[in-house]
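A short worksheet on the structure shown next.
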Amino acid sequence: MKLTLWRLVLDPVTSWRARRLQRARPGTPFDAAWRSSRMLSAPDEMVYRLHGHTAHPRPSRGEPPKERW
């Protein structure tokens, strides 16, 4: 399943708000509008948004990837 469909199924209110925001600001991608809408309804998730939705930080270019376990 695509991420957009998951978002629509799991959180239809935020998806609806994102579509409204996207219509109000032409050229805004749905992903960005959804995250902005989500921050209005769930500001406690700001930490995940700031980290780019990754659980682990990305390694720098010269550094080998770290083991997860």
Side-chain angles (χ1 to χ4, degrees):
M1 266 177 126
K2 291 190 174 192
L3 181 61
T4 304
L5 186 57
W6 273 114
R7 287 178 171 172
L8 182 63
V9 170
L10 297 176
D11 196 354
V13 174
T14 301
S15 298
W16 177 73
R17 288 179 182 157
R19 287 287 178 204
R20 283 183 48 204
L21 184 62
Q22 200 175 20
R23 276 187 256 135
R25 298 180 191 165
T28 303
F30 178 74
D31 188 47
W34 195 92
R35 283 184 278 153
S36 295
S37 299
R38 185 68 183 170
M39 291 305 104
L40 293 174
S41 63
D44 57 321
E45 294 183 5
M46 180 61 83
V47 175
Y48 300 112
R49 180 176 174 223
L50 293 175
H51 288 289
H53 304 285
T54 59
H56 303 286
R58 294 181 184 171
S60 62
R61 291 192 168 193
E63 188 178 321
K66 295 180 181 176
E67 294 292 324
R68 286 191 168 196
W69 308 105

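Heavy-atom basis, side chains included; hydrogens, waters and symmetry copies ignored.
Rounded to the nearest 0.5 Å, atoms CZ (Arg20) and OG (Ser15) are 13.5 Å apart. Rounding to the nearest 0.5 Å gives a distance of 8.0 Å between CG of Asp44 and CE of Met39.
The two residues Ala33 and Leu21 come nearest to each other via the heavy atoms O-CD2, 3.7 Å. Nearest approach of Ser41 to Arg17, heavy atoms of both residues: CB-NH1, 3.5 Å. Here the closest non-hydrogen pair linking Phe30 and Gln22 is N-NE2, 3.2 Å.
Put simply, the side chain of Thr28 gets close to the backbone of Arg25: a donor and an acceptor are under 3.5 Å apart.
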